[in-house]
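These numbers come from the heavy atoms of this one structure, side chains and all, not from hydrogens, waters or symmetry mates. Since the structure is predicted, the reported quantities are computational estimates derived from the model, not experimental observations.
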There are 2 protein chains.
Amino acid sequence: MVTKQQLKDLPEDADLRRADSLAREIFSDVANKWALLIIEALGDRTRRFSELRDEVEGVSHKMLTQNLRMLERNGLVDRKVHPTVPPRVEYTLTEAGRALRKTVDGLCDWTHRYLGHIEDARRRFGA
Amino acid sequence: MVTKQQLKDLPEDADLRRADSLAREIFSDVANKWALLIIEALGDRTRRFSELRDEVEGVSHKMLTQNLRMLERNGLVDRKVHPTVPPRVEYTLTEAGRALRKTVDGLCDWTHRYLGHIEDARRRFGA
DNA sequence: CGGCATCCTCACGGATACTG
DNA sequence: CAGTATCCGTGAGGATGCCG
């Protein structure tokens, strides 16, 4: 639904709001467990679909395909199909993907650095 | 189910696996849209429950409570109840929470820096 | 091997209402 | 104002099967 207020907005405002909603959309895409684990697993070299399924512990065939599509659509991974038989599909992080990976690495570091704190906090919370 | 292999594992190995599974659990807790948005919204000063609900666009009462509990349990936010009427509850990032926020900031920066790339990638993917 | 479609389940999450 | 409980629909996501 389009409100009167929205119709009165200036073009620049509309642009800003569009960029914001796009940013939120990307954030939602990327801020999810599987996407981040896949990006982490891709690391700095290219992987096959089946390698990823083995390395990303607990991911289902479906979730892997789905998230890889999403990452490809957003230009974070590059998908290379070798027309052999049997098929061979390789995934590689793009420049944008590698940049994202840096921040994911940060998240992993954080997790391990604060593991102890968190365990303590949980024990205290239990009481 | 406990396998024979698991029974043969040395204690150190067991510890490592426990730490890993805990790390994965924390990762799953934290790598979700609402948790990250809430941490970002908390910023560097303390906020009331209702302030958070206003600032985290689109979050429901329920999701906010639920995620705040989770963050509190993991020692990422501190919850301070003022026994006044009406009640006043304030949330603040702990040291661990502030450290996490740094990496979330990185994620936000990344989102904005690559917004253009991503838009382009999507257009190309559409074809 | 990798992708896609289908079915089916269950838990995530919204809406609502009641308490302190 | 903040928290908890309940109800309930929807969709995320697992399992399976077939295709190129």
Give a yes/no answer on whether the side chain of [X] brings an N or O atom under 4.0 Å of OP1 or OP2 in [N].
X: B:Ser50; N: D:dA2; answer: yes
X: B:Ser60; N: C:dG14; answer: yes
X: B:Thr84; N: D:dC1; answer: no
X: A:Arg79; N: C:dG2; answer: no

| remark: Against the side chain of B:Gln66, the closest entry in D:dT4, C:dG13, D:dA2 is C:dG13
| message | Could you measure the distance from the CZ atom of A:Arg101 to the CG atom of A:Asp44? Nearest 0.5 Å is fine. | response | 5.5 Å
| said: So for atom CD, which belongs to A:Glu57, do other residues, nucleotides or ligands contribute more than 12 heavy atoms lying within a distance under 6.0 Å? | reply: no
| task | Assess whether atom CZ of B:Arg113 is packed by more than 12 heavy atoms of other residues, nucleotides or ligands within 6.0 Å. | result | no
| said: Considering every strand and a 4.0 Å limit on heavy-atom distances, what is the contact class for A:Arg48: base, sugar-phosphate, or nothing? | reply: sugar-phosphate
| Within the structure shown, what part of the strands sits under 4.0 Å from A:Arg53 by heavy-atom distance: base, sugar-phosphate, or nothing? | nothing
In whole angstrom, give the distance that lies between atom [atom1] of [X] and atom [atom2] of [N].
X: B:His82; N: D:dA2; atom1: NE2; atom2: P; value: 11 Å
X: B:Trp34; N: D:dA12; atom1: CH2; atom2: C1'; value: 16 Å
X: A:Arg47; N: C:dC1; atom1: CZ; atom2: C1'; value: 18 Å
X: B:Tyr91; N: D:dA2; atom1: OH; atom2: C1'; value: 7 Å
X: A:Lys62; N: C:dT6; atom1: NZ; atom2: P; value: 11 Å
X: A:Leu52; N: C:dG3; atom1: CG; atom2: P; value: 10 Å
X: A:His61; N: C:dT6; atom1: NE2; atom2: C1'; value: 14 Å
X: B:Met63; N: C:dG13; atom1: CE; atom2: P; value: 5 Å

| query | Which pair of non-hydrogen atoms, one from B:Leu42 and one from B:Tyr91, has the smallest distance, and what is that distance? | reply | CD2-O, 3.4 Å
| request: Grab the two heavy atoms, one from A:Ala96 and one from A:Gly75, that are nearest each other, plus how far apart they are. | output: CB-O, 4.0 Å
| request: Could you check A:Val89 against B:Pro87 and say which one's nearest nucleotide on DNA chain C is further toward the 5' end? | output: A:Val89
